K.L.:
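Mind having a look at this structure? Questions to follow.
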Amino acid sequence: MVPSIRAYLLLIAGMVIAPILAMFMPIPMSIAVTMLGDAIVLGLVFVDGWRGRQHRVEVKRELPSRLSIGRDNPVVLSVTSQDVDTNIQICDYFPLVFGVSTTVVSTRISSHSTAELTYTVHPRQRGEFAWGDLQVRQLGAWGLAWDNWRIPQSLKIKVYPDLIGLRSLSIRLTLKSPGAIRMRQFGIGTEFAELRNYRSG
């Protein structure tokens, strides 16, 4: 459980109000009131975080069967919510040698719905790499605490040469080669230049 910005702002507000209260009541009483207010805020943060655990979203990662080196490969995170609207943040532990479009993806998802969050990874070398788990943060209904947990989805991923790029390159080279030029075939068309030479029979 991690307190949200709203919770910190409420605690700071209590510190700001304390000097004002001291102007209208004895200092010990103003301090007691301020501490009571902070205790209430912290209690609400705890309850909000605990309630968030009862409504955790489900997250699944979808990867291509093989990644291509030197290309932006899409990674899809499928998020399914339960019976609450909530904000989520997801950190995916991809291999550190990969370039990545974003390190944290976030969205607000409605209750009983599924959202797909997409980012890209850019492998710089071929081989087999370890892909880690998913770290998820989900904001409580009151916006006071983030429920923070990890989803086990470790796997091994293989990076291959850019087969798509090699295929398109080979096609371009084939089209540019002399053998790719269509040879004139006599006897097919009706133009004079396409007529065959006369033969007996």
Side-chain angles (χ1 to χ4, degrees), residues 1-11 41-169:
M1 182 182 65
V2 180
S4 68
I5 296 178
R6 180 179 297 180
Y8 286 116
L9 290 177
L10 290 175
L11 293 173
V41 171
L42 292 176
L44 292 176
V45 168
F46 176 80
V47 173
D48 197 28
W50 179 80
R51 291 176 70 247
R53 294 184 180 183
Q54 316 304 315
H55 306 282
R56 285 179 171 176
V57 297
E58 297 179 3
V59 184
K60 295 182 180 179
R61 182 200 298 129
E62 298 176 9
L63 289 171
S65 57
R66 57 180 62 185
L67 301 182
S68 296
I69 188 172
R71 276 189 174 269
D72 290 332
N73 300 265
V75 180
V76 179
L77 302 177
S78 179
V79 184
T80 303
S81 67
Q82 297 189 27
D83 52 354
V84 293
D85 298 351
T86 185
N87 294 326
I88 61 168
Q89 297 177 350
I90 304 175
C91 178
D92 197 356
Y93 290 103
F94 51 85
L96 295 179
V97 295
F98 288 3
V100 62
S101 60
T102 181
T103 56
V104 178
V105 292
S106 59
T107 188
R108 179 168 180 82
I109 184 170
S110 303
S111 61
H112 302 291
S113 63
T114 300
E116 290 188 348
L117 309 177
T118 304
Y119 71 97
T120 58
V121 292
H122 193 91
R124 299 187 178 95
Q125 60 189 62
R126 59 181 299 181
E128 186 177 67
F129 302 91
W131 203 300
D133 300 328
L134 294 169
Q135 191 74 32
V136 183
R137 280 188 177 185
Q138 181 173 338
L139 189 62
W142 299 338
L144 297 176
W146 292 93
D147 181 22
N148 188 29
W149 79 98
R150 178 172 293 194
I151 299 178
Q153 288 203 16
S154 300
L155 52 83
K156 295 288 186 179
I157 191 71
K158 293 183 178 180
V159 177
Y160 292 87
D162 183 10
L163 301 181
I164 298 177
L166 291 176
R167 187 179 298 113
S168 61
L169 177 61

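Quick caveat: nothing in here was measured; it's all calculated off a predicted structure.
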K.L.:
Quick check: closest heavy atoms across P123 and R71, and the distance to 0.1 Å?
P.N.:
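Of all heavy-atom pairs spanning P123 and R71, the closest is CD-O, 3.6 Å.
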K.L.:
Can you find a side-chain donor-acceptor pair between T114 and T80 that sits under 3.5 Å?
P.N.:
yes
K.L.:
Just do the side-chain contact (heavy atoms from CB on, under 4.5 Å) check on L144 and V41 with the steps written out, would you?
P.N.:
CA-CA 9 Å; L144 297 176; V41 171; 5.7 Å; no
K.L.:
Is H55 close to T86 at the side-chain level, that is, under 4.5 Å between some pair of heavy atoms?
P.N.:
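Result no, sub-4.5 Å side-chain heavy-atom pair not found.
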K.L.:
If you define the side chain from C-beta out and look only at heavy atoms, does anything of W131 sit under 4.5 Å from F94?
P.N.:
yes
K.L.:
Kindly give the heavy-atom pair with the smallest separation between P74 and P64, and that separation in Å.
P.N.:
O-CD, 3.3 Å
K.L.:
T103 versus Y119: any side-chain heavy-atom pair under 4.5 Å?
P.N.:
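No - every pair of side-chain heavy atoms lies 4.5 Å or more apart.
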K.L.:
Out of curiosity, Q135 CD to Q89 CD, how far, rounded to the nearest 0.5 Å?
P.N.:
11.0 Å
K.L.:
Rounded at 0.5 Å granularity, tell me how far NE2 in H122 sits from CG in D72.
P.N.:
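Separation between the atoms: 6.0 Å.
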K.L.:
I'd like to check V159 versus Q125 (side-chain heavy atoms, cut-off strictly below 4.5 Å). Are they in contact?
P.N.:
no
K.L.:
Which residue pairs satisfy the salt bridge (charged side-chain N to carboxylate O under 4.0 Å, His left out) criterion with at least one member in residues 137-152, sequence neighbours excluded?
P.N.:
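Residue pairs passing salt bridge (charged side-chain N to carboxylate O under 4.0 Å, His left out), neighbours aside: R53-D147, R56-D147.
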K.L.:
R124 side chain to V97 main-chain N or O, any donor-acceptor pair under 3.5 Å?
P.N.:
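Checked: pair present.
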K.L.:
Roughly how far, to the nearest 0.5 Å, is CD of Q138 from CH2 of W146?
P.N.:
9.0 Å
K.L.:
Output every pair passing salt bridge (charged side-chain N to carboxylate O under 4.0 Å, His left out) with a member in residues 109-119, not counting sequence neighbours, ordered by first then second residue.
P.N.:
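Sorted result for residues 109-119: empty, none.
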K.L.:
For the CD atom on E58, are there more than 12 heavy atoms of other groups (residues, nucleotides or ligands in this structure) within a distance under 6.0 Å?
P.N.:
no
K.L.:
Rounded to the nearest 0.5 Å, how far apart are CG of D85 and OG of S113?
P.N.:
7.5 Å
K.L.:
Minimum heavy-atom separation for S68 and P161, please, with both atom names.
P.N.:
OG-O, 4.2 Å
K.L.:
What's the shortest heavy-atom distance between A130 and P95, and which atoms?
P.N.:
O-CG, 3.6 Å
K.L.:
Got V121 and L63 here, is their nearest side-chain heavy-atom distance under 4.5 Å?
P.N.:
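SC-SC contact between V121 and L63 ruled out.
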K.L.:
Could you report the tightest heavy-atom contact between G49 and M1, atom names first, then the distance?
P.N.:
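Heavy-atom minimum between the residues: CA-SD, 3.8 Å.
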K.L.:
Out of curiosity, L117 CG to T107 OG1, how far, rounded to the nearest 0.5 Å?
P.N.:
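The OG1 atom of T107 is 5.5 Å from CG of L117, to the nearest 0.5 Å.
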K.L.:
Using a 3.5 Å distance criterion without hydrogens, assess whether the side chain of D48 forms a donor-acceptor pair with backbone atoms of W142.
P.N.:
yes
K.L.:
If only side-chain N and O atoms count, and only distance matters, is there a donor-acceptor pair under 3.5 Å linking D133 with S154?
P.N.:
yes
K.L.:
How far apart are the closest heavy atoms of S78 and E62, and which atoms are they?
P.N.:
CB-OE2, 4.2 Å
K.L.:
For W149, does the CH2 atom have more than 12 heavy-atom neighbours from other residues, nucleotides or ligands under 6.0 Å away?
P.N.:
yes
K.L.:
For a side chain to side chain contact (heavy atoms under 4.5 Å, CB included) with V57, tell me which candidate from I90, V84, I88 qualifies.
P.N.:
I88
K.L.:
Under the side-chain contact (heavy atoms from CB on, under 4.5 Å) criterion, do F98 and L67 qualify, and how do the steps go?
P.N.:
CA-CA 11 Å; F98 288 3; L67 301 182; 3.8 Å; yes
K.L.:
With rounding to the nearest 0.5 Å, note down the distance linking CG in L139 to OG in S106.
P.N.:
11.5 Å
